[in-house]
There are 2 protein chains.
Amino acid sequence: MTGQRRVIARVLSAADDHPDVEELYRRATTLDARISIATVYRTVRLLEEHGILERRDFGGGRARYEPSDQGHHYHLIDIDTGKVIEFQDAEQDRLMREVAERLGFELVSLRLELFARRAGRPRRGRDGTP
Amino acid sequence: MTGQRRVIARVLSAADDHPDVEELYRRATTLDARISIATVYRTVRLLEEHGILERRDFGGGRARYEPSDQGHHYHLIDIDTGKVIEFQDAEQDRLMREVAERLGFELVSLRLELFARRAGRPRRGRDGTP
DNA sequence: TTAAGTGCAAAAAGTTTGCTCGTAA
DNA sequence: TTACGAGCAAACTTTTTGCACTTAA
């Protein structure tokens, strides 16, 4: 266990959001400037392989990470702010297992992300103009 | 409308799967060898911007495409073969609109992908060995 | 001491873009 | 003819990797 990994682990356990590698790197170098982005990549991969971290893909090209010990949940992404809200839904779980079964499959995992806008917010044009 | 775009459009409308750009390029060059991959990228982007194509991200780093006029559906990905099966589920739709509402949001879109294995198939180790 | 870990820079892989040339209309 | 599109190669972005050096144990 090196100093770099300790710092990265601390950053991760302090995070209650879903940072990408660049963001982890930014936070880690604040605590200890002699950490390279390669080490961040290597560390998250290691932690993912050990089941400690989970890699998420919310679109946008970069992987984002969250601790695995958070229990089973899905994500709602606020499309105006980028914020991620976690939620659970037992009925959803059951429903999807059934759907897979009906198609002749065994459900292994699923990706469910809701892209939503805070209720009452005005809809805007593609370019951001009202 | 150039010959290249015509070929790419033909390939797309003939496709009943969810090809990525490389695969589209492969199919297109079979019909007309003087098509570059840059043109494929430019064409799918154009078609996506015009709402004719939809870009999907099933993991694996590459974007995949499908026509927009297929109606509302979700995807089940066979994790052993990579094949994609489409399905619908009205209950799911309703459920997710409710979940978003409960959290104070308006559902704009959602991503739902089931990763599953054909029922009865043996589970294998990470390296593919039984 | 020594095996594991790190930094750096280069390499991959997927996608976009600048520039020049070709071609549809 | 001329403006839009294509080809090529270079650039870009995210992630991985080879290699020499450092360091924890």
Side-chain angles (χ1 to χ4, degrees), chain A residues 1-13 15 17-50 52-66 77 82 84 111 113 126-127, chain B residues 1-13 15 17-50 52-66 77 82 84 111 113 126-127:
Chain A
M1 171 61 80
T2 59
Q4 286 90 328
R5 283 198 190 165
R6 219 187 318 271
V7 167
I8 295 168
R10 175 136 43 111
V11 166
L12 281 164
S13 72
D17 50 354
H18 303 71
D20 57 31
V21 167
E22 196 119 357
E23 177 61 27
L24 290 173
Y25 176 61
R26 204 172 304 127
R27 297 182 194 176
T29 46
T30 303
L31 302 183
D32 182 346
R34 44 177 203 164
I35 289 177
S36 77
I37 196 150
T39 297
V40 180
Y41 272 107
R42 279 193 270 237
T43 303
V44 292
R45 182 146 59 107
L46 199 77
L47 293 175
E48 194 203 348
E49 282 166 7
H50 283 61
I52 293 160
L53 267 193
E54 262 168 58
R55 182 205 299 243
R56 299 280 176 207
D57 171 14
F58 295 149
R62 354 158 61 102
R64 298 172 64 174
Y65 291 87
E66 69 179 335
I77 293 103
V84 177
R111 187 152 83 180
E113 281 131 35
R126 205 176 273 221
D127 55 356
Chain B
M1 172 62 78
T2 58
Q4 286 90 330
R5 282 198 191 164
R6 221 187 316 271
V7 168
I8 294 169
R10 174 135 44 108
V11 165
L12 280 165
S13 71
D17 51 353
H18 302 70
D20 57 31
V21 167
E22 197 120 358
E23 178 61 27
L24 290 174
Y25 176 61
R26 204 172 304 126
R27 296 182 194 176
T29 46
T30 303
L31 302 184
D32 181 348
R34 48 181 197 161
I35 290 178
S36 75
I37 195 152
T39 297
V40 180
Y41 272 108
R42 278 192 270 237
T43 304
V44 292
R45 183 145 59 106
L46 199 75
L47 294 175
E48 195 203 347
E49 282 166 5
H50 284 59
I52 294 160
L53 266 192
E54 263 169 56
R55 181 207 299 246
R56 300 278 175 207
D57 170 15
F58 296 149
R62 350 154 69 99
R64 299 172 64 172
Y65 292 86
E66 70 178 335
I77 295 102
V84 176
R111 188 151 83 182
E113 281 130 35
R126 207 175 273 222
D127 55 355

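The chains referred to below are lettered A, B, ... by the order of the sequence lines, with proteins before strands, and numbering in each begins at 1.
- In this structure, Arg62(A) places its CZ atom 16 Å from P of dC12(D), rounding to the nearest Å.
- Less than 4.0 Å separates DNA chain D from at least one heavy atom of each of the following residues of residues 34-47 of chain A: Ala38(A), Tyr41(A), Arg42(A), Arg45(A).
- When side chains are defined from C-beta on, Asp32(A) does not count as touching Arg6(A), because their heavy atoms never get closer than 4.5 Å.
- Take the nearest nucleotide of DNA chain C for Gly3(B) and for Glu22(B): the residue whose nucleotide is more 5' is Glu22(B).
- Here the range on DNA chain C touched by chain B, meaning any atom under 4.0 Å from one of its heavy atoms, is dG14(C) to dA25(C).
- We find that Arg55(A) and Asp57(A) are not joined by a salt bridge, their nearest charged nitrogen and carboxylate oxygen being 4.0 Å or further apart.
- In plain terms, the two heavy atoms of Ala28(A) and Ile8(A) that are nearest each other are CB-CG1, 4.3 Å.
- Atoms CD and CZ, on Glu113(A) and Arg111(B) in that order, are 4.5 Å from each other to the nearest 0.5 Å.
- Residues Leu46(B) and Arg5(B) form a side-chain contact, since some pair of their non-hydrogen atoms from C-beta on lies under 4.5 Å apart.
- Between Ile37(A) and Tyr25(A) the shortest heavy-atom distance is N-CE1, 3.4 Å.
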Can I get a per-line list of side-chain donor-acceptor pairs under 3.5 Å for residues 17-24 of chain B, giving both atom names and the distance, sequence neighbours left out?
| unit_1 | atom_1 | unit_2 | atom_2 | d |
| --- | --- | --- | --- | --- |
| Asp17(B) | OD1 | Arg27(B) | NH1 | 3.3 |
| Asp17(B) | OD2 | Arg27(B) | NH2 | 2.7 |
| His18(B) | NE2 | Glu66(B) | OE1 | 3.1 |
| His18(B) | NE2 | His75(B) | NE2 | 3.3 |
| His18(B) | NE2 | Glu86(B) | OE2 | 2.9 |
| Asp20(B) | OD1 | Glu22(B) | N | 3.2 |
| Asp20(B) | OD1 | Glu23(B) | N | 2.8 |
| Asp20(B) | OD2 | Arg62(B) | NE | 3.0 |
| Glu22(B) | OE1 | Arg62(B) | NH2 | 3.3 |
| Glu23(B) | OE1 | Arg26(B) | NH1 | 2.3 |
| Glu23(B) | OE2 | Arg27(B) | NE | 2.8 |
| Glu23(B) | OE2 | Arg27(B) | NH2 | 3.3 |

**OP:** Would you sort out whether Arg64(B) and Val84(B) count as a side chain to side chain contact (heavy atoms under 4.5 Å, CB included), showing the intermediate values?
**Re:** CA-CA 11 Å; Arg64(B) 299 172 64 172; Val84(B) 176; 3.8 Å; yes

